[in-house]
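Written out below as structure tokens is the structure these notes cover.
Everything numeric in this text was worked out from a predicted model, so none of it was measured. So you know, we letter chains A, B, ... as the sequences are listed, proteins then strands, and number each from 1.
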Number of protein chains: 2
Amino acid sequence: MHQVLIIEDDPAIRQVLRVLLEAENYRCIEADTALRAEIEARSHKPDVLLIDLGLPDGDGLTVIRRVRAWSPVPIVVLSARTMEEQKVAALDAGADDYVTKPFSAPELLARLRAALRRHVSGSAPTSLLQFGSLRVDLARREARGPEGEIHLTPLEFRVLGCLARHLGAIVMQRQLLREVWGPERLDDSRSLRVCIKNLRSKLEPDPRQPRYLI
Amino acid sequence: MHQVLIIEDDPAIRQVLRVLLEAENYRCIEADTALRAEIEARSHKPDVLLIDLGLPDGDGLTVIRRVRAWSPVPIVVLSARTMEEQKVAALDAGADDYVTKPFSAPELLARLRAALRRHVSGSAPTSLLQFGSLRVDLARREARGPEGEIHLTPLEFRVLGCLARHLGAIVMQRQLLREVWGPERLDDSRSLRVCIKNLRSKLEPDPRQPRYLI
DNA sequence: AGATTTCTTCACGCCGCCCTCACACCTGCT
DNA sequence: AGCAGGTGTGAGGGCGGCGTGAAGAAATCT
């Protein structure tokens with residue numbers, strides 16, 4: 001379920017967009033000023049920004065540039081202005097797509113899907129992992145399962161962190177050993193094997209048939 | 001400097017696009033049919049595809065889908081048709097952007113820049129193969145068929161990867177043996193034969209009459 | 001310093017991967 | 001036909017990597 005941040009000052013249009021998006025099973029957050037837009041973007045980490053140029057305070061372009069400075073989140077611009085400079089400026093400021101009002105609903109939705117599809121590859125480095133009913137916060141060194149807090153050792157956090165940085169991908173033993181144990185013992189997998197075993201016994205529902213640590 | 005593959009059957013428009021792009025220091029490759037489009041895309045590995053829908057042979061949509069099956073290269077669609085279904089279909093087929101003729105030169109250039117900018121940042125070397133109803137992700141070591149996950153052994157992934165690097169071409173036994181088994185056993189094809197057999201029995205719809213692993 | 005947690009080491013059983021082998025087949029050539 | 005080179009196939013077995021429990025070092029806490 002994707003989360004959309006709608007940046008739009010006109011309440012009527014906001015309402016239209018919200019209804020349209022929620023009918024497609026998106027969750028919506030709204031912002032009516034440039035300032036709130038950036039706050040919401042930072043706090044909620046939406047999957048895509050849908051922004052109307054021509055906000056009351058400050059230019060919409062500024063929002064694009066400021067968000068782009070710290071996040072690669074896809075940005076779709078919605079604007080009544082058909083002026084070319086506006087389009088070019090928005091795209092060059094970092095926007096991913098530009099839809100002119102009056103827009104057609106199917107087209108807008110298709111462009112949102114395209115923007116979201118592209119982005120799944122490059123997700124932001126978040127320190128919060130989540131498998132099944134498990135939540136692991138690498139930065140705060142906390143792990144919580146269905147039955148309360150789970151204690152992990154420092155070594156286990158470092159191994160998890162290394163795996164999290166390459167989420168979903170294959171991480172070679174060599175790479176783990178280099179990043180966690182140092183480059184001296186590239187071919188001694190004994191400690192690593194035990195560490196993984198312990199992690200599995202702590203995190204996996206059924207340690208004998210692991211689902212997350214493969 | 002970036003390389004653009006122009007897919008357009010009308011020579012006049014091709015010329016316009018080429019001049020426009022070369023003035024911006026892009027290098028251009030041209031294709032006037034769907035078939036040539038895919039060949040050029042495979043051989044030249046352009047940084048972005050600029051495709052006109054409505055090619056003489058086959059639908060432009062097919063090109064998009066076929067290219068998208070093996071490459072995440074950005075695709076910008078250019079079309080005279082203003083029909084909504086066309087837009088939505090193209091975007092959902094995997095296109096990244098859609099510009100309607102008559103287009104403005106600055107806007108087209110800005111959209112190309114946006115497409116290119118996205119791709120350099122989020123270029124995960126995803127090696128995704130697709131034959132028929134089969135999808136094989138070499139990086140993540142996953143293979144999925146119509147009936148769920150298919151288990152492949154490490155050796156099988158390496159052989160597939162070697163074949164994938166020369167997709168569609170003939171790969172000599174010698175070359176496979178050198179790249180997968182090492183240069184010692186250039187003339188012992190026994191293991192290779194068994195490995196190919198197993199791959200076929202796992203991937204081919206009818207292993208006795210192979211369609212993909214020839 | 002003792003206690004406690006954390007990390008490493010070790011030995012052993014198991015499983016799956018890969019190799020090998022023998023044989024059937026196919027195609028072209030003599 | 002007979003032969004020769006290359007290929008597809010089923011089965012068996014060696015072997016290395018992985019998981020595991022327990023116990024010994026090392027580090028950290030109090």
Side-chain angles (χ1 to χ4, degrees), chain A residues 131 136 138 140-143 145 148-163 169-214, chain B residues 131 136 138 140-143 148-163 166 169-214:
Chain A
F131 351 105
V136 180
L138 293 172
R140 309 182 62 176
R141 304 254 148 160
E142 287 177 347
E149 190 101 350
I150 299 175
H151 178 68
L152 300 182
T153 72
L155 184 69
E156 286 161 357
F157 272 112
R158 287 166 68 197
V159 171
L160 259 190
C162 186
L163 291 173
I170 306 270
V171 182
M172 299 295 179
Q173 289 196 8
R174 289 292 186 90
Q175 191 173 346
L176 278 169
L177 288 168
R178 182 175 11 251
E179 292 193 35
V180 177
W181 275 267
E184 293 84 20
R185 324 191 332 191
L186 281 184
D187 45 2
D188 181 6
S189 69
R190 288 174 299 180
S191 300
L192 171 59
R193 266 154 43 207
V194 176
C195 182
I196 294 290
K197 173 180 75 89
N198 293 331
L199 270 175
R200 285 211 259 248
S201 71
K202 289 179 183 178
L203 298 180
E204 294 276 356
D206 178 8
R208 300 287 171 148
Q209 289 187 343
R211 294 165 52 189
Y212 308 124
L213 296 160
I214 312 293
Chain B
F131 345 106
V136 179
L138 293 174
R140 306 182 63 173
R141 304 251 152 155
E142 287 179 346
E149 192 100 351
I150 300 176
H151 179 69
L152 300 182
T153 72
L155 183 71
E156 286 160 357
F157 273 111
R158 287 166 68 196
V159 171
L160 260 190
C162 187
L163 291 173
H166 311 88
I170 304 236
V171 182
M172 300 296 177
Q173 289 196 8
R174 289 295 187 89
Q175 191 172 347
L176 277 170
L177 288 168
R178 180 173 17 248
E179 291 194 36
V180 177
W181 276 267
E184 293 84 20
R185 325 194 335 191
L186 281 183
D187 45 1
D188 180 6
S189 70
R190 287 175 298 179
S191 300
L192 172 59
R193 266 152 45 205
V194 175
C195 182
I196 294 290
K197 172 182 74 90
N198 293 331
L199 270 175
R200 285 211 259 246
S201 72
K202 289 179 184 178
L203 298 181
E204 295 276 358
D206 178 8
R208 301 288 171 147
Q209 289 187 345
R211 295 164 52 190
Y212 309 124
L213 295 159
I214 313 293

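Not one side-chain nitrogen or oxygen of A/Ser191 sits closer than 4.0 Å to the OP1 or OP2 atom of C/dC7. Applying the 4.0 Å criterion to OP1 and OP2 of C/dC18, one finds that B/Thr153 has a side-chain N or O inside that range. An OP1 or OP2 oxygen of C/dG16 is reached within less than 4.0 angstrom by no side-chain nitrogen or oxygen of B/His151. Taking only side-chain nitrogens and oxygens, A/Arg208 comes nearer than 4.0 Å to OP1 or OP2 of D/dT20.
Rounding to whole angstrom units, CG of residue A/Asp188 and P of C/dA11 are separated by 13 Å. When rounded to the nearest whole Å, the span between CG of A/Leu155 and P of D/dT28 equals 13 Å. Regarding B/Leu152, its CG atom lies at a distance of 10 Å from the P atom of C/dC17, rounded to whole Å. One atom, CH2 of A/Trp181, and another, C1' of C/dT8, lie 10 Å apart when rounded to the nearest Å. Counting to the nearest Å, the P atom of C/dT20 and the CG atom of B/Asp187 are 12 Å from each other. Rounded to an integer number of Å, the gap from B/Ile170 CD1 to D/dG6 P is 16 Å. To the nearest angstrom, C1' of D/dT20 lies 14 Å from CG of A/Leu192. Distance, A/Leu177 CG to D/dC18 C1': 14 Å, rounded to whole Å.
In this structure, CG in A/Leu186 is found 11.0 Å from CD in A/Gln173, a value given to the nearest 0.5 Å. A distance of 11.0 Å separates CD of A/Glu156 from CZ of A/Arg141, quoted to the nearest 0.5 Å. Here the CG atom belonging to B/Leu176 is positioned 12.5 Å from the OG atom belonging to B/Ser191, to the nearest 0.5 angstrom.
Under 4.0 Å is where a charged nitrogen must lie from a carboxylate oxygen, and between A/Arg158 and A/Glu179 no such pair does.
The side chain of A/Arg190 sits closest to C/dC10 out of C/dC7, C/dC10, C/dT20. Across D/dG21, D/dG10, C/dC10, the shortest atom-to-atom separation from the side chain of B/Val194 is found for D/dG10.
Nucleic acid contact class of B/Gln173 (heavy atoms, under 4.0 Å, all strands): sugar-phosphate only.
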TODO: Could you go through the side chain to side chain contact (heavy atoms under 4.5 Å, CB included) check for B/Leu192 and B/Trp181 one step at a time?
DONE: CA-CA 9 Å; B/Leu192 172 59; B/Trp181 276 267; 3.8 Å; yes
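DNA chain C is contacted by both B/Arg193 and B/Asn198; B/Asn198 maps to the nucleotide lying nearer its 5′ end (nearest heavy atom per residue).
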